[in-house]
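Just so it is clear: chains get the letters A, B, ... in the order the sequence lines come, proteins before strands, and each one is counted from 1. Values reported hereafter were calculated over all heavy atoms of this structure, with side chains retained and with hydrogens, waters and symmetry mates removed.
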Number of protein chains: 4
Amino acid sequence: MGDDARTRPLRADAARNRARLLDVATEVFTTRGVGVPTEEIARAAGVGVGTLFRHFPTKEALLEAVMVRRLESIADRTAELAAGSEPAAAFFDCFRLLIDQSAGKNDFARALAAAGVDVHSTLQESSAAIRDRLDVLLTGAQRAGAVRPDLGLAELLALLAGTGAAMEQLGADPDGRERIYSVVFEGLRPR
Amino acid sequence: MGDDARTRPLRADAARNRARLLDVATEVFTTRGVGVPTEEIARAAGVGVGTLFRHFPTKEALLEAVMVRRLESIADRTAELAAGSEPAAAFFDCFRLLIDQSAGKNDFARALAAAGVDVHSTLQESSAAIRDRLDVLLTGAQRAGAVRPDLGLAELLALLAGTGAAMEQLGADPDGRERIYSVVFEGLRPR
Amino acid sequence: MGDDARTRPLRADAARNRARLLDVATEVFTTRGVGVPTEEIARAAGVGVGTLFRHFPTKEALLEAVMVRRLESIADRTAELAAGSEPAAAFFDCFRLLIDQSAGKNDFARALAAAGVDVHSTLQESSAAIRDRLDVLLTGAQRAGAVRPDLGLAELLALLAGTGAAMEQLGADPDGRERIYSVVFEGLRPR
Amino acid sequence: MGDDARTRPLRADAARNRARLLDVATEVFTTRGVGVPTEEIARAAGVGVGTLFRHFPTKEALLEAVMVRRLESIADRTAELAAGSEPAAAFFDCFRLLIDQSAGKNDFARALAAAGVDVHSTLQESSAAIRDRLDVLLTGAQRAGAVRPDLGLAELLALLAGTGAAMEQLGADPDGRERIYSVVFEGLRPR
DNA sequence: TATGAATGAGCATTCATTCAT
DNA sequence: GATGAATGAATGCTCATTCAT
């Protein structure tokens with residue numbers, strides 16, 4: 001089809017602005033919540049508010065873009081892991097990865113929650129990608145006898161969100177985190 | 001209605017308003033988050049804003065009161081359960097109770113998070129009561145050999161918050177909820 | 001007929017309440033300005049807000065009552081002084097008295113300003129009484145050759161208000177205050 | 001003079017808005033007191049509230065800016081006068097100028113009061129400038145034998161505030177004003 | 001295109017005044 | 001009469017979004 005409007009080449013500085021905006025917004029939303037004024041995000045990114053709103057027509061759109069990027073990165077990592085290990089290890093490594101990457105505010109829990117039931121189509125896409133990959137990992141691990149066969153994708157997503165919330169509540173204590181993983185992973189074993 | 005001759009007429013209205021305000025705020029904060037305008041809460045309770053601010057000098061104070069009441073109710077239920085069963089059953093029944101009672105948005109997770117690290121003294125008290133009772137239940141179940149001995153109170157709180165989040169993410173599906181419980185409870189067993 | 005509503009005997013406690021309210025309001029308005037909430041004044045007087053508003057139907061009415069009482073007390077003192085001394089001494093003593101009594105916020109300046117041009121009839125009465133007495137003192141002192149004959153009552157009131165403002169600005173320094181008096185009194189002398 | 005490096009290049013319309021806001025606020029605060037709602041000031045200046053708060057982050061900041069501007073204008077005029085006349089005339093001309101310029105409500109009295117004891121640094125600066133200039137004028141006039149040598153700067157400030165208050169109380173009557181000046185200036189003479 | 005000034009609906013909170021107890 | 005809980009208009013201030021420069 002040739003050049004699609006959606007793939008129109010962004011001017012170098014515009015692309016850089018967009019990227020900076022996303023980076024800064026991710027950082028800010030993660031550490032200080034979504035209540036931070038857009039103006040502050042723009043300033044931290046070194047641009048004016050107008051530029052922010054040119055790239056993201058709404059604050060919510062910015063938030064969504066942050067989540068999409070996060071979900072995509074998660075999907076990529078998930079795919080990598082799935083490709084490189086045998087099923088059981090892939091599954092559990094991926095579980096840890098998802099959780100450990102969700103450090104900060106209860107941001108990831110929401111992102112995953114959004115992955116479960118969602119309204120926005122952009123997010124739908126990215127979260128569908130994750131769900132597909134997780135499904136593959138799950139059934140792989142189940143076939144390999146490493147995970148209880150009665151669990152479905154919905155329960156896996158819930159457990160991921162839940163484990164993330166547990167970790168967030170626990171804080172930095174590494175031994176404690178390991179014990180949480182231990183409880184969840186033991187619980188995931190076939191009986 | 002039903003004027004009781006023995007009730008002091010002075011506080012009757014005020015008490016009812018306070019109670020209504022707390023009920024409405026609990027409902028509203030739980031289902032729609034803490035961003036709801038105070039005016040709307042007041043209207044839903046059938047009082048003017050002034051009345052709301054007479055009873056709770058700050059929006060934050062109202063939120064705190066809601067959480068305290070919830071925590072107190074949780075503490076009471078916990079104590080009842082602990083008194084009536086043998087240790088293992090008491091522990092697991094209480095776990096379920098805490099989760100099932102935390103219906104609604106990510107409210108309970110926050111309440112429990114508040115139980116972990118907190119600033120306000122009123123909340124401190126109520127959450128300390130819960131923690132004490134949970135600690136008793138936990139060590140009882142551990143002595144009875146029903147729960148892994150390496151878990152501490154902090155991990156238990158994290159697991160409660162996490163399981164709550166998982167349930168919230170999962171929605172109403174009863175079989176799915178049971179499977180989540182199953183995973184967590186199996187994981188809690190001594191190996 | 002019979003008992004006039006305006007002279008109806010106030011019940012003992014009602015009278016005491018009214019008096020306490022006036023005392024407290026005088027104190028509070030003088031030291032902290034008129035922005036203090038009525039509720040606080042009521043509390044300081046040991047009564048409920050309702051009682052305050054029974055005695056003074058409006059906050060402004062309370063303020064007015066405070067000023068009237070103050071003006072009346074000033075008028076009385078002025079009359080005393082006028083009666084007891086020879087004209088020149090009476091005039092200058094009275095000048096000092098008015099100023100020294102007006103310690104605190106720039107309350108008295110306003111009261112005297114109100115004595116000049118005013119809207120409320122109650123105040124009109126009391127301030128007219130002061131003006132009359134001051135006029136007597138002024139012309140007496142002028143006849144005695146102690147004060148410039150070209151000054152009128154209006155200028156005297158202005159000088160009183162101004163000297164009060166100067167004292168307020170100066171603060172407690174007694175030597176400074178004396179120098180201010182010295183300037184004004186020298187200036188009042190016939191040339 | 002020329003552009004100050006510290007002054008951010010303000011956009012033309014922004015500068016105009018800021019100026020309008022200051023003008024309107026000066027007018028409004030002077031004639032109707034500081035109780036006037038910010039919204040009304042904004043409307044009178046033909047801008048939205050947001051614009052007002054962009055320029056002056058607080059109502060108090062606006063009030064302060066108004067006073068600073070007034071004080072600066074006073075300081076400038078004072079300097080001009082001091083430069084152009086011999087000491088005695090400079091002193092008395094300046095005294096008149098300060099008073100006559102303080103037309104309006106009890107605004108100038110407050111500004112001078114602020115010059116006496118103050119908390120805000122911006123005001124401190126401008127008022128310090130005035131005080132310095134007044135001090136020079138005062139000692140000059142005293143050396144020239146035109147003013148009592150026992151008066152200090154504090155008393156001068158108090159007399160200025162007081163004379164302003166007297167004029168305000170007196171109203172427009174030109175003969176009366178002249179008599180007030182006469183009283184004060186005679187009183188300032190060395191005995 | 002980027003900028004940041006302008007906008008104004010919206011929010012938490014206060015306080016004079018009323019009225020049920 | 002006295003009380004103080006209830007009322008709600010009003011206020012200072014914020015912030016997502018628009019638009020002139």
Rounding to an integer number of Å, can you tell me how far [X] [atom1] sits from [N] [atom2]?
X     : N      : atom1 : atom2 : result
C:L62 : E:dA16 : CG    : P     : 11 Å
D:D13 : F:dT21 : CG    : C1'   : 8 Å
A:L52 : E:dG4  : CG    : C1'   : 13 Å
C:E64 : E:dA16 : CD    : P     : 17 Å
C:I41 : E:dC15 : CD1   : P     : 12 Å
D:R16 : E:dA6  : CZ    : C1'   : 13 Å
B:R43 : E:dG10 : CZ    : P     : 12 Å
D:H55 : E:dA5  : NE2   : P     : 8 Å

Can you list the steps and then say if A:M67 with A:E64 is a side-chain contact (heavy atoms from CB on, under 4.5 Å)?
CA-CA 5 Å; A:M67 299 215 311; A:E64 202 176 296; 5.7 Å; no

D:L63 and D:F29 have their tightest heavy-atom pair at CD1-CD1, 3.6 Å

Please lay out, stage by stage, how C:N17 and C:H55 fare under the test side-chain contact (heavy atoms from CB on, under 4.5 Å). CA-CA 9 Å; C:N17 278 342; C:H55 286 292; 3.9 Å; yes

_Donor-acceptor pair, distance only, cut-off 3.5 Å: does the side chain of A:S73 make one with the backbone of A:R69?_
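It does not hold such a pair.
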
For DNA chain E, the expected dot-bracket line (Watson-Crick or G-U under 3.5 Å, [ ] crossing, | inter-strand) is .||||||||||||||||||||

Once side chain to side chain contact (heavy atoms under 4.5 Å, CB included) is applied, do any residues pair with [X], and if so which ones, sequence neighbours excluded?
X     : value
A:A44 : A:V24
D:R16 : D:D13
C:F53 : C:T38, C:V49

At under 4.0 Å, does any side-chain N or O of [X] touch on OP1 or OP2 of [N]?
X     : N     : answer
B:N17 : F:dA5 : no
D:T51 : E:dA5 : no
A:R54 : E:dT1 : yes

With sequence neighbours left out, the residues meeting side chain to side chain donor-acceptor pair (under 3.5 Å) with A:E27 are none

Going 5' to 3' through nucleotides 11-17 of chain F and flagging B where a protein heavy-atom sits under 4.0 Å of the base, S where only the sugar-phosphate is that close, and - otherwise, we get SSBBSSB

- Query: A:G48 or D:G48: which one's nearest nucleotide on DNA chain E is closer to the 5' end?
  - Reply: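 The residue mapped nearer the 5' terminus is A:G48.
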
- Item | C:D23 and C:R18 ion-paired at < 4.0 Å | no

